[in-house]
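As structure tokens, the structure follows; a few thoughts come after it.
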Amino acid sequence: MLSIVFATSNPNKTREVKEMLPEGFAIKSLQEIGCTEEVPETSPTIEGNAIQKAHYVRDNYGVDCFAEDTGLEVTALDGDPGVYSARYAGPQRDATDNMDLLLKNLADKSDRSARFKTVIAFTLNGQTHTFTGIVNGTIATKKTGKDGFGYDPIFLPENHKISFAEMDKKQKNEISHRGRAMAKFLAFLDQLPD
Ligand code: ITT
């Protein structure tokens, strides 16, 4: 069994990643390695934040690990909320507040196109590897659905008429930003020598 530390404090991310793991892979949490403080994420880019989180854990706890950073990039808002997706409406990091602010800021825009982007950073033997997953879509005019998390109730992935929050977990994972980044990461792990 290959057990890898996933450097996240977001239980929704952990749940989705666990759902995507094939047999033979397991996730170790930050708590299990004694990391209970907030891991810094101060980079101006999604990729930079993913790398910063993975390096923080590797350098302070002496274990290889992977971290991911995700952002929702909205075309008409010049890519916002992007790297600030978690704190878009303020430090309370509240999903409903974030969605309400985004819907308000898009109210007078005709272009509602957007994309979710996930970058996974994986440290291994002194090197760092990154894997990116993107899903294009549009921002709905109101929230629909109860599943998922974060911005899922207002994101309509392309070629679908329902939001991520209306999909079952398998359907979201198959086409999501995180699912696509994870597929690349798992393919990389697969070709490593034993
Ligand atoms: P970490 O500990 O991994 O950093 P976080 O919650 O701080 O967890 P991010 O910095 O990557 O995560 O913030 C991304 C925000 O974007 C997150 O708080 C959610 O609100 C949102 N988000 C991430 N993945 C999402 C998904 O699959 N669907 C909808 N919203 C998502």
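Note that ligands are numbered from 1 as they come in the structure, with each ligand's atoms numbered from 1 the same way.
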query = If only atom types and distance count, is the side chain of Ser113 paired as donor or acceptor with the main-chain N or O of Thr75 below 3.5 Å?
reply = no
query = Under 4.0 Å from any heavy atom of Phe116, which atoms of ligand 1 are there?
reply = 28 (N), 29 (C), 30 (N), 31 (C)
query = Do Glu41 and ligand 1 have an N or O pair less than 3.5 Å apart?
reply = yes
query = To which protein heavy atom is atom 20 (O) of ligand 1 closest, and what is the distance rounded to 0.1 Å?
reply = Gly150 CA, 3.6 Å
note = Note: heavy atom closest to atom 18 (O) of ligand 1, options Ala86, Ala67, Pro81, Ser85, belongs to Ala86
task = Would you mind running through ligand 1 and noting each atom that sits below 4.0 Å from a heavy atom of Arg178?
result = 23 (C), 24 (N), 25 (C), 26 (C), 27 (O)
ask   = Could you walk me through whether Leu72 and Lys117 pass the side-chain contact (heavy atoms from CB on, under 4.5 Å) check?
value = CA-CA 6 Å; Leu72 177 60; Lys117 178 175 170 183; over 6 Å; no
query = Between the candidates Lys172, Glu68, Lys13, which shows the shortest non-hydrogen contact distance to atom 27 (O) of ligand 1?
reply = Lys172
query = Taking the non-hydrogen atoms of Phe155, is any one of them nearer than 4.0 angstrom to ligand 1?
reply = no
task = For atom 22 (N) of ligand 1, grab the closest protein heavy atom and report residue, atom and distance to one decimal in Å.
result = Phe149 CE1, 3.9 Å
query = Nearest to atom 6 (O) of ligand 1, what protein heavy atom do you find, and at what distance?
reply = Asn10 ND2, 2.9 Å
key: Polar side chain donor-acceptor pair, Thr8 to Glu68, under 3.5 angstrom   = no
key: Geometric class of the Phe122/His129 ring pair [parallel <30°, tilted 30-60°, perpendicular >60°]   = tilted
key: Any Tyr151 heavy atom less than 4.0 Å from ligand 1   = yes
task = Tell me which protein heavy atom sits closest to atom 23 (C) of ligand 1, plus the residue, atom name and distance to 0.1 Å.
result = Thr70 CG2, 3.5 Å
note = Counting from 1 in the order shown, the ligand 1 atoms closer than 4.0 Å to a non-hydrogen atom of Asp69 are 9 (P), 10 (O), 11 (O)
request  = Give a yes or no on this: more than 12 heavy atoms of other residues, nucleotides or ligands lie within 6.0 Å of atom CD of Glu23.
outcome  = no
message = At less than 4.0 angstrom from any non-hydrogen atom of Arg93, what atoms of ligand 1 do you find?
response = 5 (P), 6 (O), 7 (O)
query = With atoms numbered from 1 as shown, which atoms in ligand 1 lie under 4.0 angstrom from a non-hydrogen atom of Asp152?
reply = 26 (C), 28 (N), 29 (C)
request  = Heavy-atom contacts with Thr8 under 4.0 Å: which atoms of ligand 1 show up? List them by number with element.
outcome  = 1 (P), 2 (O), 3 (O), 8 (O)
inquiry  = Does the plane of the ring in His177 sit parallel, tilted or perpendicular to the ring in Phe116? Use 30° and 60° as the thresholds.
reply    = parallel
ask   = If only atom types and distance count, is the side chain of Asn12 paired as donor or acceptor with the main-chain N or O of Gly148 below 3.5 Å?
value = no
inquiry  = Whether Lys172 and Asp152 form a salt bridge (side-chain N of Lys/Arg under 4.0 Å from carboxylate O of Asp/Glu) is what I want to check.
reply    = yes
request  = Under the side-chain hydrogen bond (donor to acceptor under 3.5 Å, both in side chains) rule, what do Glu38 and Ser9 come out as? Steps first, then yes or no, please.
outcome  = CA-CA 8 Å; Glu38 199 176 322; Ser9 58; over 6 Å; no
key: Heavy atom of the protein closest to atom 4 (O) of ligand 1 (residue, atom name, distance)   = Lys53 NZ, 2.7 Å
query = Same cluster or not: are Phe25 and Val17 linked, directly or through other Ile, Leu, Val, Met, Phe, Trp or Tyr residues, by side-chain heavy atoms under 4.5 angstrom apart?
reply = yes
